[in-house]
Amino acid sequence: MRRQGPSDGPTCSDGRRDKVADLKKGARITGATRDKLAADLKKKYEKGASIRALAESTGRSYGFVHRVLSESGVTLRGRGGATRTKKK
């Protein structure tokens, strides 16, 4: 069994590289495939998509999407919502 290298990635039956949306759940994503995924996630995040929404749409975990966005240099937004105040 041949071990996959960084340039190897999921391929279609005709030998072409799969689209980002076609990645198998839990499959290791490296090389050009990871770079394409990072660019796609970055663009969607900067247009307002949440990390949770991106994780759900790609079938990846919240932590994976967070890590990929951080690695690609995105400035992450605050979590939002109301802040808690001390009772008086």
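All values below come from the heavy atoms of this structure, side chains included, with hydrogens, waters and symmetry mates left out.
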Test side-chain contact (heavy atoms from CB on, under 4.5 Å) applied to Arg60 and Val68, step by step = CA-CA 11 Å; Arg60 309 305 293 192; Val68 168; over 6 Å; no
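- In terms of the side chain to side chain contact (heavy atoms under 4.5 Å, CB included) criterion, residue partners of Arg77 (sequence neighbours excluded) are, by chain and number, Tyr45.
- For the salt bridge (Lys or Arg N to Asp or Glu O under 4.0 Å) test, residues two or more places apart in sequence or in another chain that qualify with Lys44 are Asp40.
- Listed by first then second residue, pairs satisfying salt bridge (charged side-chain N to carboxylate O under 4.0 Å, His left out) with a partner in residues 48-59 number zero, not counting sequence neighbours.
- Looking at heavy atoms from C-beta onward, Leu41 lies out of side-chain contact with Ile51 at the 4.5 angstrom threshold.
- Two residues are said to be in side-chain contact when any heavy atoms from C-beta on lie closer than 4.5 Å; Thr33 and Asp35 fail this criterion.
- Legend: residues meeting side-chain hydrogen bond (donor to acceptor under 3.5 Å, both in side chains) with Glu71, ordered by chain and number and at least two apart, are Arg34.
- With sequence neighbours left out, Ala55 forms a side chain to side chain contact (heavy atoms under 4.5 Å, CB included) with Val65.
- When the side chain to side chain contact (heavy atoms under 4.5 Å, CB included) test is applied to Ser61, the partners found at least two apart in sequence or on another chain are Phe64.
- For the atom pair Lys42 NZ and Leu54 CG, the distance stands at 14.0 Å (nearest 0.5 Å).
- Annotation: side chain to side chain contact (heavy atoms under 4.5 Å, CB included) contacts of Ala53 (sequence neighbours excluded): Ser50.
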